[in-house]
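Structure first, then comments.
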Amino acid sequence: MRYNPKAIEAKWQKRWLETKTYEPKLKSAKKPVRQAHAKPFYNLMMFPYPSAEGLHVGNVYAFTGSDIYGRFQRMRGNDVFEPIGLDGFGIHSENYALKIGKHPAKQAKVSEKNFYRQLSQIGNGFAWREHLETYDPDYYKWTQWIFVQMFKKGLAYRKKAKVNWCPSCLTVLADEQVIQGRCERCETEVVKRDLEQWFFKITDYAERLLENLKTIDWSPKVKIAQAAWIGKSEGAELEFPVVTSDKRQETSIKVFTTRPDTLFGATYMVLAPEHPLIENLKLKIKNWEEVEDYIKKSAKKSEIERTAETKEKTGVELEGVKAVNPANQEEIPVFIADYVLASYGTGAIMAVPAHDQRDFAFAQKFNLSVWRVIRKKEAPIKSYLMGAKDVSDKELATLGISIIKKTSDGDRKIIVPKTKLSEYENLVSKKMTPGFWNEYIGEEAVFIFKHKDGSLERLTLTPETEKRIDKLAADFVGEGWSKSSVWKWLAENDWYADLIIHTDPGFLENSGKFDGLESEEAKWEITKFVGGEKKTQYRLRDWLISRQRYWGPPIPLVFCENCADKVRNQESRLRRSFGGQAGIRNIFNKGELENPGWIAVPEKDLPVKLPFVKNFRPTGTGQSPLASVKSFYETKCPKCGKTARRETDVSDTFLDSAWYYLRYPSIGMKNSKIKIKNDNGKYKIVEIPWSSEVTKKWLPVEMYIGGAEHSVLHLLYSRFLTMVFHDWGLLDFGEPFTTFRAHGLVIKDGAKMSKSKGNIVNPDDYIKAYGADALRLYLMFMGPFQDGGDFRDSGIAGLTRFLNRVWKFFSEKSKVKNQKLKIQAESQNLERILHRTVKKVTADIESLRYNTAISSLMMLLNEFEAAPDAVSLEGQKIFLKLLAPFAPHMTEELWSHLKEKGSIHKSAWPVFDPRLIREETFELVVQVNGKMRGKILLPQGVSQADAEKAAKTDPRLRSMLGGIATRKVIFVPGRLINFVI
RNA sequence: GCCUCCGUGGCGGAAUCGGCAGACGCGCACGGCUUAGGACCGUGUGGGGAAACUCGUGCAGGUUCAAAUCCUGCCGGAGGCACCA
């Protein structure tokens, strides 16, 4: 009988479904015991979005890797729950529908069928009963319910802001969906638009999102990405008084800085063009027209335009206005420039050009003073060259000096004639004289000065001196300096900021009484000195949740003019009669009070169904297609009954996927009703979207495997919502996924797969040609699961060959009924290899090193084939069990050939016997001076003396070791012996 | 620019703790079986050398009896962040 994957796979897929092999008893599973082997094991993989023609091979890769882990845990005796569903709502599915000219609702049905067909063929142990689709009203009812709760608790708010707008997808996007200034989905350049939108207050959770990272077992790169995205900075808020030309103080500018230690070096200030203070100072600004013009221009720029030309800074000085440096009372100019972001910190900065790249670039362009206030700690070159802390003018002269003048055709070096040296000495002595600037920048012997006409000159060293330094530099090599790095550091040819300024902390100078203090200490001393305040800033912004598209859950809110008035009036009344808290809070919830006129759709009226609309195309007007559907938006206010208008935007797809893992185990269960505290302090019994009983047993997710591209999207949002639910008392855990592992990327023939390149791998083709088992095996064998791999058609042949050999071996073996062991020695040897393989495969699966697990199974098969008669029935069973997670169909078939009852996938995972692994003898590696010179077979646990003797008497080694005195002998028991002679 | 990860045969990769570099597979070569082979089986396969041996894990150094592995600097690649003060 030949191996026929097609027939076998179809047969077992059908039987597994019939016998519910992969459906754990969700209710009766035992209470989880954390760690090692939790009985109920929630094995989750990221559900796919059915956007393209079918399942991508990248999905198959991820799902196979996740399934192997699940099957392994099942064989270890755990109840494994491995659900799957479709993330079918959202832009990606809608864009696909648009592309092929079909209505998304209709296309969803087609994709659903196709995806589920494909998913049932890849050999995963899915719990099919608990599947879900995000566009199912039974599901999005609860997505909307979550939105309503967020609103009621004041975690959803509406705000007009500059938001990311994708001109191709015709909708706004969250910050997380903008990758390098481009739309995450279509890679179109994102522009800024002023729109009123719904946001979720994820920033309230910034600190916890960051802090909790320490408690979860996730792939480090994902944690790092999240920490960077949250972007915590500790610094200070400092206030700079603003004075006008008549020296009268007008107002003040608040800045946030992480480097208050550089305050004495602040030589100008910059406001973001959107800073509200500019409008207030309008009358005092002498060049208002110019300023206004700049504001308008920068408003039009896209994010990419604003950030692309990093070197070319733009800005306008606010003439007639000066700021006062609170540290030294110097009057400094104030600018507006778009390199300062309105959305971070206070939207204003103090500029310290000597110690910040951007400020330096700006200062160069606008001829502003550069004042160094931080000195580097160590200066090996300088102290070597000069033998002193400061470079003296004389030293300079004796070294010889040349200038590089910047000319139109690049830098040109001119050796300075001796007669001109006095001029330089003059310059050097006029440290920080207005119009001139010279620096011992960092500790480099590089000097730049500025002429009155603004041209820059740089002093460097003559060729003779270069030679001398070269010699000196050679002495430094080995003290943490390579020759090239000494040179790079000393004499790089360009003169841009990266060479001249240094941004590291160090020791203060030119800072009055703070001179000599170390940066870290000086920071807080100076903050105190000027009456500033310690402050923490996060880079994270609130989650923009509304989308101007059709294919998503409508945001379950209603706008009512009448209620808007009520809220506003009540508020002003409350303000007048202080203390009158209670009344209004019983009528309106927090969200309604904070967003006057917006009323939550009552829970009993959910879902707000997405109507079937023929023209579902995005409009581009800043409104969703639903805004033109009268029957949808016309409604009555649920609060007062007057005419009201529904919100016509839908919510972000990532809201759907932020909680799906909570829903799976509760599908088909009764939702729980629990008592929760409302924002007005009263308790209320509410129905929640899951069964608390089942959730307690199965959650949080034990193992989650998915792509790292979701590091700051899905994985961040899920954590946020879980924390929120925890705070509301809906969940008894605050982190959704105990363990998360990011799998690698599959590429094809060394390149990323893309439709335009035509190198897309369609899993259907490969399953048809080779079977799912071979495809699974090949995908996992390509490389370490967490690194991804390069898919090459030629590679799959090797795994097909392997499977054929397994089949052949077991087919022929099963004919031999008499399992009499012919050769004792061989069978002992085999047993040892067998148990070693058990150990290796077990450890490899635990750490997702599937490639090496498969390779050791190949080696075991090689051994089996070399001595087929010595392979016991037990050995055959163990082999099949080890292979079962990788090739579930074939192993199940061969298992049944061995007349085993029940599924191999529910059989017990083999355990190795440590005693059987140990060998009685081992090969001792003999080294001479660290070089391998031979091996000798010795009994396990041999003493050093015996090993030495054996090595010295070994005929092949004798010539090398005989008679020569050894200086030292290193003996590593069980491994090697090294003779140093 | 900053952060993270990674550089090993013709290719994918192995070496999990600093202890035999190149497991396993692909490819290739030769041989067998075959009417035939893009099927199957066997043997070989990092470079140099007839061999003893020697060189060899991106490059240059360092630590060590011993380095692919640790340290320093450079070069190259991938990913993340990107005017975040």
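Chain identifiers are assigned alphabetically (A, B, ...) following the order of the sequence lines, protein sequences preceding nucleic acid strands; residue numbering begins at 1 within each chain.
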Minimum-distance nucleotide to A:Glu923 side chain [options: B:A82, B:A85, B:C20] = B:C20

Using atom P of each nucleotide, how far apart are B:G9 and B:C59 to the nearest Å?
-> 10 Å

Between A:Tyr339 (OH) and B:A85 (C1'), how many Å, whole number?
-> 8 Å

Answer with base, sugar-phosphate or nothing: what part of the nucleic acid does A:Val980 contact at a heavy-atom distance below 4.0 Å?
-> sugar-phosphate

Is there a donor in the side chain of A:Trp229 and an acceptor in the side chain of A:Glu176, or the other way round, less than 3.5 Å apart?
-> yes

Please tell me which of A:Lys221 and A:Ala348 maps to the more 5' nucleotide of RNA chain B, matching each residue to the nucleotide holding its nearest heavy atom.
-> A:Lys221

Please check the phosphate of B:A85 (OP1 and OP2 only) for any side-chain N or O of A:Arg539 closer than 4.0 Å.
-> no

Check whether any side-chain N or O of A:Lys968 sits under 4.0 Å from OP1 or OP2 of B:C65, and answer yes or no.
-> yes

Pairs under 3.5 Å (N/O, protein and nucleotides 7-12 of chain B):
from	atom 1	to	atom 2	distance (Å)
B:G12	O2'	A:Met782	O	2.5

Would you mind classifying the nucleic acid contact of A:Gly798 as base, sugar-phosphate or nothing, using non-hydrogen atoms under 4.0 angstrom?
-> sugar-phosphate

Apply ring pair (Phe, Tyr, Trp, His ring centres under 6.0 Å) to A:Phe335 and A:Phe362, showing your working.
-> CA-CA 10 Å; A:Phe335 287 78; A:Phe362 190 86; 5.2 Å; yes

Picking from B:G13, B:A82, B:A85, which would you name as closest to the side chain of A:Pro784?
-> B:G13

Using atom types as modelled and distance alone, determine if a side-chain donor or acceptor of A:Arg849 lies under 3.5 Å from a backbone N or O of A:Asp844.
-> no

Please check the phosphate of B:G25 (OP1 and OP2 only) for any side-chain N or O of A:Asn862 closer than 4.0 Å.
-> yes

Report the nucleotide, chosen from B:A85, B:C24, B:G19, that has the shortest atom-to-atom distance to any side-chain atom of A:Gln927.
-> B:G19

Could you check if the base of B:G10 is syn or anti? Syn means the glycosidic torsion is within 90 degrees of 0.
-> anti

A:Asn851 has a side chain; which of B:C24, B:A85, B:A14 sits nearest to it?
-> B:A14

What interatomic distance, in whole Å, is found between C1' of B:U43 and the corresponding atom of B:A51?
-> 22 Å

Taking the six-membered ring where the residue is Trp, are the ring centres of A:Phe802 and A:Phe886 under 6.0 Å apart?
-> no

Distance-only, no hydrogens or angles: does the A:Lys840 side chain make a donor-acceptor pair with backbone N or O of A:Ser856 under 3.5 Å?
-> no

State which of B:U16, B:A23, B:C65 makes the closest approach to the side chain of A:Met859.
-> B:A23

Over how many whole Å does the gap from A:Lys313 atom NZ to B:A82 atom C1' extend?
-> 12 Å

RNA chain B in dot-bracket, Watson-Crick or G-U pairs under 3.5 Å, [ ] crossing, | other strand?
-> (((((((..(((......[....)))((((((.......))))))(((....)))..(((((..]....))))))))))))....

Out of A:Tyr778, A:Tyr61, A:Phe791, which residue meets the ring pair (Phe, Tyr, Trp, His ring centres under 6.0 Å) rule with A:Tyr766?
-> A:Phe791

NA contact type, A:Arg801, heavy-atom cut-off 4.0 Å: base, sugar-phosphate, or nothing?
-> sugar-phosphate

Has the side chain of A:Lys840 got a donor or acceptor atom sitting under 3.5 Å from an opposite partner on the base of B:U16?
-> yes

Any salt bridge (charged side-chain N to carboxylate O under 4.0 Å, His left out) involving residues 969-981 of chain A? Give me the pairs, sequence neighbours left out, ordered by first then second residue.
-> none

With respect to the side chain of A:Arg805, which nucleotide from B:G13, B:G25, B:A23 is positioned closest?
-> B:G25

Does A:Tyr538 or A:Val925 map to a spot on RNA chain B nearer the 5' end, using the closest nucleotide for each?
-> A:Val925

C1'-based separation of B:G76 from B:U8 [nearest Å] = 15 Å

A:Leu883 atom CG is separated from B:C24 atom P, nearest whole Å, by 18 Å

The side chain of A:Asn978 lies closest to which of these nucleotides: B:C24, B:A66, B:C20?
-> B:A66

Return yes if some donor-acceptor pair links the side-chain N/O of A:Asn325 with the main-chain N/O of A:Leu263 below 3.5 Å, else return no.
-> yes

Look at A:Arg933 and B:G19 and indicate whether a side-chain polar atom (N or O) is within less than 4.0 Å of OP1 or OP2.
-> no

Does any N or O in the side chain of A:Gln940 come within less than 3.5 Å of the main-chain N or O of A:Gly974, such that one atom is a donor and the other an acceptor?
-> no

One should read off an interatomic distance between A:Lys968 NZ and A:Asn978 CG, to the nearest 0.5 angstrom, of 9.5 Å

Nearest-angstrom distance from the residue atom CG of A:Asn164 to P of B:A82 = 11 Å

The nucleotide from B:G80, B:C41, B:C26 with an atom nearest the side chain of A:Ala225 is B:G80

Picking from B:C3, B:C40, B:G13, the nucleotide nearest the side-chain atoms of A:Ile224 would be B:C3

Think A:Ser233 has a side-chain N or O under 4.0 angstrom from the OP1 or OP2 of B:A85?
-> yes

Return yes if some donor-acceptor pair links the side-chain N/O of A:Tyr294 with the main-chain N/O of A:Asp338 below 3.5 Å, else return no.
-> yes

Show your working on side-chain contact (heavy atoms from CB on, under 4.5 Å) between A:Thr314 and A:Lys297 and close with a plain yes or no.
-> CA-CA 11 Å; A:Thr314 61; A:Lys297 265 191 200 152; over 6 Å; no

Please state how far atom CD1 in A:Ile854 lies from atom P in B:A23, giving the value in whole angstrom units.
-> 18 Å

Provide, to the nearest angstrom, the distance between the CD1 atom belonging to A:Ile796 and the C1' atom belonging to B:G13.
-> 17 Å

